[in-house]
Amino acid sequence: MTLKLDKVNRGPHLSTLVASSISREIAQGRLKPGDQLPTEQALATTFGVSRNVVREAIARLRSEGRIWSQQGRGAFVADATNATVLTIDYETLQRADSFRNLFELRGMLEVQIAALAATRRSDADIEAMEQALDGMRAAPYGSVAWLKNDLGFHRAVAEATQNPYMGQFLVFVSERVRESILAAGNQQKSDDMARTTLGEHERILAAIKAGDAKGASAAMTRHLAGAASRVGLPGGEASAKPASLARHSRLRKAVRGQGTSA
C-alpha cells in the first residue's frame with residue numbers, strides 16, 4: 001500500500017487538512033475498506049504535525065463514518081456503503097462551484113430558520129444572540145474570534161427554532177463555510193465592511209425579537225447576499241455562475257495553508 005501523503009503547510013485548521021488528505025487517499029482507492037491506517041506517530045511524522053493534530057483528524061474522520069477504531073488495534077477504513085453520516089469533503093471546497101453550492105444550501109436553510117426563530121424564540125435565545133453580537137463587536141473583523149462569534153450568532157438563531165435538527169445541520173454546513181473562509185483569509189477588511197456586516201446581524205436580531213417572521217426572513221436573505229459577495233461569489237448571489245475563480249483562488253490555496261467573513 002503506497003500512500004501519497006505529504007507534510008501539510010501551517011494554517012488555522014491543521015487537523016482539517018490532515019483529515020482531508022486521508023479522505024483523498026480513501027476516495028482515490030489507495031486506502032481501501034478494511035485497510036489499517038498508519039500509527040498516530042507515523043502519521044504525525046509524515047504530515048509534520050503533532051500527535052494531537054492527528055488525533056483530532058482521526059476523530060473527525062470517525063465522526064464522518066469514514067473510519068472506525070478499535071482500542072489496542074488502531075484505525076481502519078470503513079466500508080463506504082455502510083456510511084450513514086453526511087460529509088462535505090474539505091478539499092472539494094477549493095473549487096468555486098463547490099463553495100457556491102455549499103453557500104446556496106446554507107441560504108436555503110437559514111432563511112427559513114430565521115422565520116421560525118422569530119415565532120419560537122425564548123428570552124434565553126435572544127440573550128445568546130446578543131452575546132454573540134457583543135463578541136463580534138469586540139473582535140477584529142474577519143479574525144478567528146469574529147468568525148467564532150459569527151457562527152455562534154447563527155447557531156443561536158437555529159436553536160431558537162426549538163428544532164434540534166435545524167441547529168445540528170446548520171452548524172455542520174456553517175462550520176464548513178467558516179473553515180474555508182478562515183483558511184482563505186480576507187483581502188477586503190475594512191471598518192465599513194465590519195459595520196455593514198454587524199448591521200445585517202442587528203437587523204436579523206431586531207426582527208426576531210419583534211416576532212416578525214417575514215422581516216427576519218428578509219433580513220437573513222439580505223445578510224446572506226452580502227456575505228456571498230464578501231467571499232467572492234459574483235453579484236452577491238449564492239446561485240451565481242462560477243465565474244469568480246480568480247477571487248476564489250484564495251479558497252483553492254486553503255489546503256496549502258495560505259491565508260473573509262460571513
Side-chain angles (χ1 to χ4, degrees), residues 99-100 102-164 166-178 180-182 186-240 244 260-262:
F99 188 71
R100 183 201 66 237
L102 182 62
F103 226 89
E104 184 176 62
L105 174 61
R106 177 192 175 191
M108 294 173 67
L109 182 66
E110 288 209 70
V111 169
Q112 181 61 27
I113 281 176
L116 288 174
T119 61
R120 300 177 180 178
R121 83 287 184 274
S122 66
D123 290 343
D125 294 322
I126 296 297
E127 182 178 356
M129 294 175 216
E130 291 175 336
Q131 288 179 350
L133 270 180
D134 286 342
M136 291 174 68
R137 295 185 185 103
Y141 176 70
S143 66
V144 173
W146 170 288
L147 289 169
K148 179 180 179 180
N149 283 287
D150 189 347
L151 179 60
F153 177 87
H154 288 272
R155 180 188 293 115
V157 174
E159 290 175 351
T161 65
Q162 314 307 324
N163 182 333
M166 291 282 192
Q168 292 172 21
F169 194 62
L170 175 67
V171 169
F172 174 80
V173 173
S174 295
E175 182 63 21
R176 299 308 178 274
V177 172
R178 185 182 77 97
S180 295
I181 290 172
L182 189 58
N186 190 341
Q187 307 302 314
Q188 305 180 48
K189 295 177 183 177
S190 70
D191 290 341
D192 285 344
M193 191 171 289
R195 284 192 292 270
T196 296
T197 308
L198 278 170
E200 291 168 0
H201 286 82
E202 288 165 350
R203 283 187 285 274
I204 294 168
L205 175 57
I208 291 174
K209 288 179 70 174
D212 180 1
K214 185 176 180 179
S217 177
M220 182 64 79
T221 298
R222 286 192 294 271
H223 167 56
L224 292 174
S229 179
R230 287 188 287 274
V231 296
L233 293 174
E237 298 177 2
S239 59
S244 174
T260 198
S261 170

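Quick caveat, the model's predicted, so the values are computed rather than measured.
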K.L.:
Are the side chains of R155 and L151 in touch, meaning some heavy atoms are under 4.5 Å apart?
P.N.:
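Heavy-atom side-chain distance check passes, below 4.5 Å.
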K.L.:
At what distance, to the nearest 0.5 angstrom, does CG of N149 lie from CD of Q131?
P.N.:
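Rounded to the nearest 0.5 Å, the CG-CD separation comes to 10.0 Å.
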K.L.:
Specify the closest pair of heavy atoms between W146 and P140, including all atoms of both residues, with the distance to one decimal.
P.N.:
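So the minimum-distance heavy-atom pair works out to CB-O, 3.3 Å.
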K.L.:
Hey, is E130 close enough to K209 for a salt bridge, meaning N to O under 4.0 Å?
P.N.:
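Salt bridge flag = yes for K209 with E130.
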K.L.:
Spell out, as yes or no, whether a donor-acceptor pair under 3.5 Å connects the side chain of T119 to the backbone of L116.
P.N.:
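Present.
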K.L.:
Can you tell me how far the CZ atom of F153 sits from the CD1 atom of I204, to the nearest 0.5 Å?
P.N.:
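CD1 of I204 is found 5.0 Å from CZ of F153.
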K.L.:
Taking only residues two or more places apart in sequence or in another chain, which ones pass side-chain contact (heavy atoms from CB on, under 4.5 Å) with A160?
P.N.:
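Per chain and number, A160 pairs via side-chain contact (heavy atoms from CB on, under 4.5 Å) with A117, R121, D125, M129.
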K.L.:
Would a 4.5 Å heavy-atom cut-off, applied to side chains only, mark T196 and Y141 as touching?
P.N.:
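T196 does not reach Y141 side chain to side chain.
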K.L.:
Quick one: pull up CG in L109 and CG in L224 and give me the separation to the nearest 0.5 Å.
P.N.:
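Rounded to the nearest 0.5 Å, the CG-CG separation comes out at 10.0 Å.
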K.L.:
Please assess R195 against E202 for the test salt bridge (Lys or Arg N to Asp or Glu O under 4.0 Å), listing each intermediate value before the final yes or no.
P.N.:
CA-CA 10 Å; R195 284 192 292 270; E202 288 165 350; over 6 Å; no
K.L.:
For the backbone of K214 and the side chain of S217, can you confirm whether one donor and one acceptor N or O come within less than 3.5 Å of each other?
P.N.:
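The answer is no, because no donor-acceptor pair under 3.5 Å joins these two groups.
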K.L.:
Taking all atoms of both residues into account, what is the closest heavy-atom pair of A156 and A128, and its distance?
P.N.:
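For A156 and A128, the tightest heavy-atom pair comes out as CB-CB, 3.9 Å.
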K.L.:
For residues L205 and L133, determine if any side-chain heavy atom of one lies less than 4.5 Å from a side-chain heavy atom of the other.
P.N.:
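SC-SC contact between L205 and L133 confirmed.
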K.L.:
Would you name the heavy atoms of A216 and A115 that are closest together and state the gap between them?
P.N.:
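Minimum heavy-atom separation between A216 and A115: CB-N, 4.5 Å.
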K.L.:
CZ/F103 to CD/E110 distance, rounded to the nearest 0.5 angstrom?
P.N.:
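F103 atom CZ to E110 atom CD measures 8.5 Å (nearest 0.5 Å).
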K.L.:
Less than 4.5 Å apart, any side-chain heavy atom of F169 and any of I113?
P.N.:
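They are not in side-chain contact.
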K.L.:
Working to the nearest 0.5 Å, report the span between OG of S122 and CD of Q162.
P.N.:
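Taking OG in S122 and CD in Q162, the distance rounds to 5.5 Å.
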K.L.:
Just say parallel, tilted or perpendicular for the rings of H154 and H201, cut-offs at 30° and 60°.
P.N.:
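Aromatic pair H154/H201 classed perpendicular.
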K.L.:
Rounded at 0.5 Å granularity, tell me how far CG in D150 sits from NE2 in H223.
P.N.:
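Between atom CG of D150 and atom NE2 of H223 there are 5.5 Å.
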